[in-house]
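Below is one structure, written out as structure tokens; comments come after it.
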Protein chains: 2
Amino acid sequence: MNFTRDLYGTSLSLLTDLYQLTMAYGYWKSGLAEKEAVFHLYFRKNPFEGGYAVCAGLEYAVQYLQSLQFSEDDLAYLSSLKSATGQELFETGFINYLRQLKFTCDVDAIPEGTVVFPNEPLIRVTGPLLQAQLVETPLLTLINFQTLIATKAARITEAAQGDLVMEFGMRRAQGVDGALAAARAVFIGGAKATSNVLAGKLFGFPVKGTHAHSWVMAFEEEEEAFEKYAEAFPNDSVFLVDTYDTLEGVKNAIKVAQKLRTKGSELAGIRLDSGDLTYLSREARKLLDEAGFPNVSIVASNDLDEYLIADLKKQGARIDTWGIGTRLVTAYDQPALGGVYKMGALRDEKGNWQYKLKLSEQLAKTSTPGVLQVRRFISEENKFVADMICNEAEPLPEQALIIDPFDFTHRKAIPAGTRHEDLLMPVFRGGEQVYKLPSLPEIQARTQQQLRQLDPSSRRFLNPHVYPVGLEETLFEMKTNLVLSYRKTEAASS
Amino acid sequence: MNFTRDLYGTSLSLLTDLYQLTMAYGYWKSGLAEKEAVFHLYFRKNPFEGGYAVCAGLEYAVQYLQSLQFSEDDLAYLSSLKSATGQELFETGFINYLRQLKFTCDVDAIPEGTVVFPNEPLIRVTGPLLQAQLVETPLLTLINFQTLIATKAARITEAAQGDLVMEFGMRRAQGVDGALAAARAVFIGGAKATSNVLAGKLFGFPVKGTHAHSWVMAFEEEEEAFEKYAEAFPNDSVFLVDTYDTLEGVKNAIKVAQKLRTKGSELAGIRLDSGDLTYLSREARKLLDEAGFPNVSIVASNDLDEYLIADLKKQGARIDTWGIGTRLVTAYDQPALGGVYKMGALRDEKGNWQYKLKLSEQLAKTSTPGVLQVRRFISEENKFVADMICNEAEPLPEQALIIDPFDFTHRKAIPAGTRHEDLLMPVFRGGEQVYKLPSLPEIQARTQQQLRQLDPSSRRFLNPHVYPVGLEETLFEMKTNLVLSYRKTEAASS
């Protein structure tokens, strides 16, 4: 689906921070609007104290960029904004400039479903300063959230060790699109089904569901409730067994399963939604097996996440299917990815790139200058070895050396001839889309493939091994020199 | 704005969990679809370990309910769903039933901007079981999220002690609507402006913004960058001063402010976005005051929340305006409100209400039966005294006694004649909207008024006083008897 065309009935061109428009106005007034700039979108820390992230959200970003055009009522709104002294905030000339504005940038991006690491540009936007700046906020919104949730889903899928993971989180999601975009990202991360029917319709995902406690409460007896549900869904019934007493509920489910079998149908599963899931799942499994129902699956839900799943598995819980809601769709333990969007270079009058960085007292917050590419080195066993952030504008040496940007004594030489892939792919050229968006099942398969190529030590939840990502040697030197030159200027001027 | 009509171009009738539709099908097949039911939407715990919540999201809920109608492509999608054995999941008769379905329920709700407490129904839906069940998930999504964010905003506004609070969070929000609905809820909670231009356009909020680091990086010198920005916004400039060195940035801002003054304009403010905000704001204030700019405001941002604001104030930071992003729009420290939607009663064949509850091993998770109303008692000093949850179908005694549902020894007698208000107001009758939605400024004013009526001890962040909320005596007895009768049935049957 096209989320701007099919989901939203309105122009999303004002879906940005006001400062993007005030800066646009300033660039326009200062004659800098068309000056060529490069921006990089990246995050600084893996979410969930993990060892990786799974990038997602590019399809939404592509659709947003394709649709970028100010509607007449967007322009009327901008014309209506007033300054502190009551004048119009924006001159008419600028409104007219926006009216004819078309997106003409080059965009390079890492495909969705790729395993990525801190400081690697996920998106690079090259083009007129005004445009490249304007898209900062929406790109961050769309990429930050879906990358966060896809990563959470990948972790949960890993914890489930091949069991079916279903997403049940809509009721606790952050808004309508917090549910829809989350369902999409969860699928990219590895879940196989969602309860969200609109996501099923719009994205083509499998939809799954059981029933609520209220179904049971609508009947006099739990057993009758199960029977009636099974009449509607003879081969698709998953009974929620904990409305009154969980193990009594399992016994009622078994009675109904026996009746179903006499009619040639099989109960699909039972769901546990409260209590001690290890104890209850083991007891339920025993009851079901003893009654001749070894294939009835046990679904568990109740504020689960990767840590609880891993723990339940360690305790010997007999759960086949995991229904994950709140903690997945909100990424409860870290509900935001701190992605940023920083200028890397600006073309000067002579046509040369002038490299730019934002200084910070914290080294981790100092941005990397350049027109950056991410080169991933891959071993003969098809495992990821290391990633190099390099300046695409510079010729690269045969023998690559990467340097940890935050500890310059930490270096890694890449043997000559090591196979590599450049992760940033052309997506737009001169505002025209040149990238064929893969299907969601293709993206999901890519995530699985990428995770297999990442060493398990970097995938574990507790103190994961830090996958090596470094700056290419000449880029490291250029950054260092730029930092020192800024610091010198400061020292001289203070 | 109408969020379904103006924002979404598609039917939202499938914005629900699949199990709502499978239960609908089951009710339809069992002849229970039109049986009259009552459901209550409530949460069990105040968010953020606080002493209250501010309810929000009703306008979205009303618009969703008004638009509830399955489109032909919704129905085509539902018809396409298959059971495990390959048949159609839903019979054609049911699809036809959905085609002609119109929302005919009664809905009562607590107005947005009302201070609310755990276990109080925020919304009560009365009507045909199938319909009342179907709307569970979207009502929860819409009310949970906005209530959570309005509450967070109220806490942050309280911490800011009258300073201007602005919402800057779009880039870290959970999806498009995670940003838009959050901006709305933040306004309800007390913030005065947002950076989100689309929210400004759609909701009519004041929009505010400064500029990014990239603005400064686009020029050779910081001072030149400030000058150029001030040329575009002579009376609305807020300079971000920390691109290279914060206090040098303040000095550059002062130089430009002096030039502006010679032209008859005044610098509006400076923004600090990193470092020790207490030290930097005090030093910046000193530099500005000494240079003759006591009215230049100091805006601070950088992962702030109510705790950091309170702490910065205690340390003597000189900040006038707070730009709050991530931690506000995602409610970072608790990114979901655990709202639930439970059946309270079902009409039997004789036309009498049969009261219903969901049992749980945890007393806090056992629902309250009845057709509930929330009665708030108010002192002569116009302060909130206590809230009573009562069964509207029962006559109420003159002398009210409320009993803590989780500690029956905890009781409070309300003196006869104490003034009261019933919080649940008629919103729909027979599917027709009978409630005039207040404007957002009216809702914001209501929040402020309500918070003034709540004792400060219940508003504080650390170990707030628990505001008394109890069940009306006869309701308490009815609930107790119902729990005991279920437990007895269980004991007998096991």
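In this text, all values refer to a predicted model and were calculated from it rather than measured experimentally. Note that these values count all heavy atoms, side chains included, but never hydrogens, waters or copies made by symmetry. Chain A is the first sequence line, chain B the second, and so forth, proteins listed ahead of strands; every chain is numbered from 1.
Atom-to-atom distance recorded for A:S11:OG and B:K201:NZ is 5.5 Å, nearest 0.5 angstrom. Residue B:T330 holds its OG1 atom at 12.0 Å from CG of A:L337, rounded to the nearest 0.5 Å. The structure places OG1 of B:T137 at 12.0 Å from CG of A:L198, a figure rounded to the nearest 0.5 Å. Distance check: A:L202 CG to B:L14 CG gives 8.5 Å after rounding to the nearest 0.5 Å.
If you measure heavy-atom distances from A:Q87 to chain B, you find no contacts under 4.5 Å at all. Both the backbone and the side chain of A:Q334 come within contact range of chain B, with heavy atoms under 4.5 Å apart. For B:Q20, the part lying near chain A is the side chain, with the backbone staying farther off; criterion is any non-hydrogen pair under 4.5 Å. Only the side chain of A:Y77 comes within less than 4.5 Å of a heavy atom of chain B; its backbone N, CA, C and O stay farther away. Neither the backbone nor the side chain of B:E91 comes within contact range of chain A; no heavy atoms are under 4.5 Å apart. Both the backbone and the side chain of A:H211 have a heavy atom closer than 4.5 Å to some heavy atom of chain B. Proximity to chain B (any heavy atom under 4.5 Å) is restricted, for A:K365, to the side chain, taken from C-beta onward. The contact between A:A218 and chain B is made by backbone and side chain atoms together, counting heavy-atom distances below 4.5 Å. Only the backbone of A:E231 comes within contact range of chain B, with at least one heavy atom under 4.5 Å from a heavy atom of that chain. Both the backbone and the side chain of A:L89 have a heavy atom closer than 4.5 Å to some heavy atom of chain B. Both the backbone and the side chain of A:D73 come within contact range of chain B, judged by heavy atoms closer than 4.5 Å.
No other option in B:Y341, B:F94, B:F219 has as many heavy-atom pairs under 4.5 Å with chain A as B:F219. With chain A as the partner, the residue from B:T326, B:N235, B:N196, B:V329 showing the most heavy-atom pairs under 4.5 Å is B:N235. Comparing A:I149, A:D333, A:V340, A:L357 by heavy-atom pairs within less than 4.5 Å of chain B, the highest count is held by A:L357. Of the residues considered (A:S30, A:A181, A:A199), A:S30 shows the highest number of contacts with chain B, using heavy-atom pairs under 4.5 Å. Comparing B:G200, B:S274, B:A268 by heavy-atom pairs within less than 4.5 Å of chain A, the highest count is held by B:G200. When the candidates A:G57, A:A212, A:A179 are compared by the number of heavy-atom contacts under 4.5 Å with chain B, A:A212 comes out ahead. Between chain A and the options B:E136, B:K342, B:K35, heavy-atom pairs under 4.5 Å are most frequent for B:E136. Of all the listed residues (B:L148, B:T194, B:L21, B:D74), the one sharing the greatest number of non-hydrogen pairs under 4.5 Å with chain A is B:D74. Most heavy-atom pairs under 4.5 Å with chain A: of the set B:M23, B:E266, B:K29, this distinction falls to B:M23.
Contact detail for A:S214 and B:M343: the closest heavy-atom pair is O-CE, 3.4 Å. Closest approach of B:M170 to A:T141, counting heavy atoms only: O-OG1, 3.0 Å. Contact detail for B:A232 and A:G26: the closest heavy-atom pair is CB-CA, 4.0 Å. Nearest heavy atoms, A:G175 versus B:F145: N-CD2, 3.4 Å.
The closest donor-acceptor contact from the side chain of B:D177 to the backbone of A:V176 lies under 3.5 Å. Judged by distance alone, the side chain of A:T22 and the main-chain N or O of B:G209 form no donor-acceptor pair under 3.5 Å. Judged purely by atom type and a 3.5 angstrom limit, B:K356 uses its side chain to pair as donor or acceptor with the backbone of A:M217. Remark: side-chain polar atoms of A:D236 are paired, donor with acceptor, to backbone N or O of B:A84 under 3.5 angstrom. With hydrogens and angles ignored, the 3.5 Å screen pairs a side-chain donor or acceptor of B:N144 with a backbone N or O of A:R171. Counting only distance, with no hydrogens or angles, the side chain of A:Q174 and the backbone of B:A173 share no donor-acceptor pair below 3.5 Å. Side-chain N or O atoms of A:R172 include none that pairs as donor or acceptor with a backbone N or O of B:L140 at under 3.5 Å. Side-chain atoms of A:S195 never come within 3.5 Å of backbone atoms of B:L18 as a donor-acceptor pair (strictly under, hydrogens ignored).
In this structure, the side chains of A:D242 and B:L359 stay at 4.5 Å or more apart for every pair of heavy atoms.
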Begin with the C-alpha distance, continue with both residues' side-chain angles, and end with the deciding distance and a verdict on side chain to side chain contact (heavy atoms under 4.5 Å, CB included) for A:K358 and B:V216.
CA-CA 9 Å; A:K358 185 225 166 283; B:V216 175; over 6 Å; no
Would you please test A:D245 and B:R487 for salt bridge (Lys or Arg N to Asp or Glu O under 4.0 Å) and show each step?
CA-CA 9 Å; A:D245 175 288; B:R487 290 261 155 82; over 6 Å; no
Intermediate values then yes/no, side chain to side chain contact (heavy atoms under 4.5 Å, CB included), A:V207 and B:L81:
CA-CA 9 Å; A:V207 287; B:L81 295 177; 3.8 Å; yes
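Under the rule for a side chain to side chain contact (heavy atoms under 4.5 Å, CB included), the partners of B:A37 that lie at least two apart in sequence or sit in another chain are B:F39, B:L129, B:L346. With sequence neighbours left out, A:D273 forms a side-chain hydrogen bond (donor to acceptor under 3.5 Å, both in side chains) with A:S301.
Close placement of the A:W215 and B:Y27 rings is indicated, their centers lying within 6.0 Å of each other. The distance between the ring centers of B:F233 and A:Y25 falls below 6.0 angstrom.
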